[in-house]
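In what follows, chains carry the letters A, B, and so on, assigned in the order in which the sequence lines appear, proteins first and then strands, with residues in each chain numbered from 1.
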Amino acid sequence: MRWSRYFLYTEKEEPAEVEAVSHKYLLKGGFIKQVSAGVYEFTPAGFKVLRKVEEIIRKEMDRSGAQELLLSVLNPAELWKETGRWDSYGSELFKLKDRKGREYCLGPTHEEEITDLVRRVIKSYRQLPVILYQIQVKFRDEKRPRFGLIRGREFIMKDAYSFDADEMSAMLSYESMKFAYDRIFKKLRLKVIIAEASVGQIGGSQSHEFIALTDYGEAKVGYCESCGYAANAEIINLPKPQIQQEEEKPLQKVSTPGVETIKELSDFLNVPASKILKSVLYMVEGKKPLLVLIRGDREIDENKLEALLGTENFRLATDEEVESLLGTKKGFIGIFNLPEGVEVLWDNSLFGVKNLVVALNEPDWHYINANPERDFTYGKFADLSQVEEGDACPKCQSPLRVEKGLELGHIFLLGTRYSEPMKAYFTDRDGKEKPIIMGCYGIGVSRIISALVEQYHDDKGIKWPVPVAPFELLITCLNVSDQEQAQVSEKLYLEATEKGIDTLYDDREESAGSKFADADLVGIPYRIVVGRKVKEGKVEIQNRLSGERWDLPLEESIDRVKELINKDKQ
RNA sequence: CGGGGUGUAGCUCAGGUGGCAGAGCGUCGGCUUUGGGAGCCGAAGGUCGCAGGUUCAAGUCCUGCCACCCCGACCA
């Protein structure tokens, strides 16, 4: 492809209002164009990357025995009402009506559609197991789309569904998908952690997430470098610590005027935050107000709280509610003088802490050196703390690493969550009707492109790995008005194309500096620079990923590049 | 959904106290240049987010709306 005719236009200025590196370079490099919040178009170069990613996924899915199909995007409401998700999926569903008033949604995921298709076809255990998948656009009216392709309202997803006759067979399907996913991410050259995940409201017995470690991640993953354990931080259990061995000092009431935050209190009293009792009041829908107590240096994990309460309908109490319920201000909530009708939960982190600083529900005063048994009694304990770097691994007790990442894949063993309400039954060997056991397996295809840029870039631009690069080779002719350079470039371009190298030929009438800048930004892995040295019969080869450059006789250059590309593809 | 911010040329932005719509980059024409976003000359390019209001006069002041970005809670 000649760049002078190619529909790829880079930006010289940094895109405004853009935070994530991947978002910035994809826009600046001309790979995507924004249409509205969370909606993007792919230019030819962006689309080539998308295609290459899809092909890698497709190959591995096919290899695992899954069969590709294509479901509809416009989905009738009736199916979604069968599973109850027409309402429970909430305002994230894009809903619409046809001219006759019949209701539809734009598919955000396809459990309903696939289950409907399968129940109309599968009647016997002889037809099972089967795994079906598609690569297709999905629509979710996200509350907060952001970071370009990382979270869009319209995005490309690979979704697969397994159908089995029994639990054991379903487990095998699940494992085969997990294995395929592992291969897919390796082929994509992405560093990914396979983490145990919450099954959440979807239910089922098993779930894993495939998380790429990136600066702009939205998932928090804890992993252990010594035993290999990894899990989404929200499901990592933190047990009660040992009782602290420390001399109990006398309880004392001290004046702390206007000291409201843990940080201020810690500075004011010269006491570490870990010796302060933090109290947070929640209002839970349909239940008593809930006071959560946690060590001052830790944060509450509201996902854990949600799991414990069994509802997501809770929120922090407002200043007015704290005032009317406890008669105090935020910052002075404590365990003393608590009124009736307030539920109390102790986080495990507080167990056995001696000489605590505790507020007493009276503005501007705290107790210091409060001790369990002597000054107060414990209530019900639970694990509600966010996992932090250095917490003990639940498997081997080594210190955990905690990092942010991007959830690129998520697999679930669903069980009969959809087959049961939708009556997707088959007749088993014993002649009885049973619901099909299902699993579902998603990969955020367009999100993968962002993850790749997050993991492969420098301060000049993108460094695409060969298997997903928009082109494998860029031939840069530094001065197209120089006859010799132009002729050599043309010749090399033809040779490269003949030898099957996916080549972009920069034949634009631009200055050398501007061509180099574009080349670094667009990030094609190999570059042949045709410049002054053609007079000596030489061209320069550059490797974008490693930064290496070296001169070669021009007759050898294409074969050499071909070798390097083939090596990178393995 | 709560909190914060921004909307002016294709892009990045400037336009105190109301008074002729601006710059740099990009684009087009011409000349010169060609190993790290070149130089000179000339030109085109605007619903100042939208609607209403105040005023002799609104990019600027007031009201309402819309869009987009960022921080938090949820999802691939």
Side-chain angles (χ1 to χ4, degrees), chain A residues 9-20 23 27-28 30 33-39 89-92 108-109 135-160 181 197-198 200-202 209-212 216 218-219 232 234 299-303 305-306 312-316 318 405-412 440-451 460-461 476-482 485-486 508-521 527 529-534 539-540 542 549 551:
Chain A
Y9 300 97
T10 59
E11 303 281 346
K12 194 167 172 181
E13 301 277 354
E14 302 276 299
E17 295 183 321
V18 160
E19 205 57 33
H23 192 190
L27 283 171
K28 198 177 175 204
K33 297 286 174 192
Q34 182 170 27
V35 175
S36 66
V39 182
Y89 212 93
S91 44
E92 275 180 30
T109 174
I135 296 175
Q136 188 204 43
V137 64
K138 296 281 186 274
F139 294 88
R140 293 184 191 175
D141 196 356
E142 291 281 350
K143 283 172 241 169
R144 193 180 159 209
R146 59 173 154 177
F147 299 150
L149 301 181
I150 288 179
R151 188 200 322 214
R153 293 191 297 165
E154 175 180 327
F155 60 100
I156 312 290
M157 179 164 148
K158 190 285 305 176
D159 46 325
Y181 273 37
S198 154
Q201 293 152 326
I202 293 181
E209 287 170 339
F210 293 74
I211 296 172
Y216 280 91
E218 302 184 305
N232 189 308
E234 71 192 42
E299 299 294 329
I300 295 169
D301 188 331
E302 294 191 351
N303 292 306
L305 186 56
E306 180 183 330
E312 56 177 355
N313 297 315
F314 60 88
R315 57 171 175 81
L316 285 172
T318 62
L406 267 180
E407 184 184 335
L408 298 181
H410 200 162
I411 59 178
F412 293 92
C440 70
Y441 315 89
I443 290 182
V445 180
S446 37
R447 179 180 280 182
I448 280 176
I449 296 172
S450 290
K460 289 181 176 159
T476 301
C477 179
L478 282 186
N479 184 0
V480 289
S481 43
D482 179 307
Q485 286 188 29
R508 298 174 302 167
E509 292 181 39
E510 294 285 334
S511 72
S514 139
K515 288 188 176 186
F516 282 128
D518 269 349
D520 290 338
L521 174 62
R527 188 185 314 170
V529 180
V530 180
R532 283 175 184 151
K533 289 173 210 150
V534 285
V539 290
E540 181 177 298
Q542 294 190 20
R549 320 168 166 196
D551 291 339

As a test of reading the structure: which of B:C13, B:C68, B:C74 is closest to the side chain of A:Ala16, going by heavy atoms? B:C13

Just by distance, do the side chain of A:Arg153 and the backbone of A:Arg140 share a donor-acceptor pair under 3.5 Å? no

Integer-rounded Å distance: B:G35 P and A:Gln542 CD: 14 Å

5'-to-3' dot-bracket of RNA chain B (Watson-Crick, G-U; under 3.5 angstrom; crossing pairs as [ ]; | other strand): (((((((..((((.....[..)))).(((((.......))))).....(((((..]....))))))))))))....

Looking only at the side chain of A:Arg447 (C-beta and beyond, no hydrogens), which of the listed nucleotides B:C74, B:G35, B:C75 gets closest? B:C75

Does the side chain of A:Val480 come within less than 4.5 Å of A:Lys515's, by heavy atoms? yes

For A:Arg153 and A:Ser446, take the nucleotide of RNA chain B holding the closest heavy atom to each; which residue's nucleotide lies nearer the 5' end? A:Arg153

Considering every strand and a 4.0 Å limit on heavy-atom distances, what is the contact class for A:Asp482: base, sugar-phosphate, or nothing? nothing

Answer whether the closest heavy-atom distance between the side chains of A:Asp159 and A:Lys138 falls below 4.5 Å. yes

Atom pair distance, as rounded to whole Å: NZ in A:Lys515 and P in B:U33: 17 Å

Check every strand shown and say whether A:Phe147 touches a base, only sugar-phosphate, or nothing at a heavy-atom separation below 4.0 Å. sugar-phosphate

Under 3.5 Å, is there a donor-acceptor pair between the side chain of A:Thr476 and the main chain of A:Val529? no

For the backbone of A:Arg144 and the side chain of A:Glu142, can you confirm whether one donor and one acceptor N or O come within less than 3.5 Å of each other? no

The side chain of A:Glu19 is closest to which nucleotide in this list: B:C68, B:C70, B:G37? B:C70

Has A:Tyr441 got a side-chain atom pairing as donor or acceptor with A:Tyr181's backbone, closer than 3.5 angstrom? no

Among the nucleotides B:A76, B:U34, B:C68, which one has an atom lying closest to any side-chain atom of A:His410? B:A76

Taking the side chain from A:Arg447 and the backbone from A:Glu407, do they hold a donor-acceptor pair closer than 3.5 Å? yes

How would you label the contact of A:Phe155 with the nucleic acid (heavy atoms, under 4.0 Å): base, sugar-phosphate, or nothing? base

Consider the side chain of A:Phe412, meaning its heavy atoms from C-beta on, and name the nucleotide among B:A76, B:A73, B:G36 that approaches it most closely. B:A76

A:Glu234 near the nucleic acid: base, sugar-phosphate alone, or nothing, with a heavy-atom cut-off under 4.0 Å? nothing

Close side-chain approach of A:Ser450 to A:Phe147, heavy-atom, < 4.5 Å: no

Figure out the CD/P separation between A:Glu218 and B:C75, and round it to whole Å. 11 Å

Would you please confirm or rule out a distance under 4.0 Å between OP1 or OP2 of B:A38 and any side-chain N or O of A:Ser511? yes

For A:Tyr9 and B:C25, give me the distance from atom OH to atom C1', rounded to whole Å. 18 Å

Protein-nucleotide distance (A:Glu142, atom CD; B:A76, atom P), rounded to Å: 9 Å

Is any side-chain heavy atom of A:Arg527 closer than 4.5 Å to one of A:Asp520? yes

May I ask you to verify if any side-chain N or O of A:Arg532 is less than 4.0 angstrom from the OP1 or OP2 atom of B:G35? yes

Residue whose closest nucleotide on RNA chain B lies nearer the 5' end, A:Ile150 versus A:Val18: A:Val18

Would you kindly check whether a donor in the side chain of A:Glu540 faces an acceptor in the base of B:G35, or vice versa, at under 3.5 angstrom? yes

Nearest to the A:Arg140 side chain among B:U34, B:C11, B:C75, which nucleotide is it? B:C75

Could you state the atom-to-atom distance from CD of A:Glu299 to C1' of B:C71 in whole Å? 15 Å

Using a 4.0 Å heavy-atom cut-off, does A:Ser481 contact any base of the nucleic acid, only the sugar-phosphate backbone, or nothing at all? base

Minimum-distance nucleotide (side-chain atoms of A:Asn303 versus B:G26, B:C74, B:G35): B:C74

Side-chain N,O (A:Arg146) to OP1/OP2 (B:C75) below 4.0 Å: no

With sugar-phosphate meaning primed atoms plus P, OP1 and OP2, does A:Leu478 contact a base, only sugar-phosphate, or nothing at under 4.0 Å between heavy atoms? base

Does B:C69 have OP1 or OP2 sitting under 4.0 Å from an N or O in the side chain of A:Gln34? yes

Between A:Lys28 and the options A:Glu14, A:Glu11, A:His23, the side chain to side chain donor-acceptor pair (under 3.5 Å) test singles out A:Glu14

Can you see if the side chain of A:Arg144 gets near the phosphate of B:C71 - specifically, an N or O under 4.0 Å from OP1 or OP2? yes

Is a donor-acceptor contact shorter than 3.5 angstrom present between the side chain of A:Arg549 and the base of B:G36? yes

Taking any heavy-atom pair under 4.0 Å as a contact, classify A:Gly90: base, sugar-phosphate, or nothing. nothing

Using a 4.0 Å heavy-atom cut-off across all strands, classify A:Glu510 as base, sugar-phosphate, or nothing. base

Of the listed nucleotides B:C11, B:G37, B:G35, the one nearest the side chain of A:Glu13: B:C11

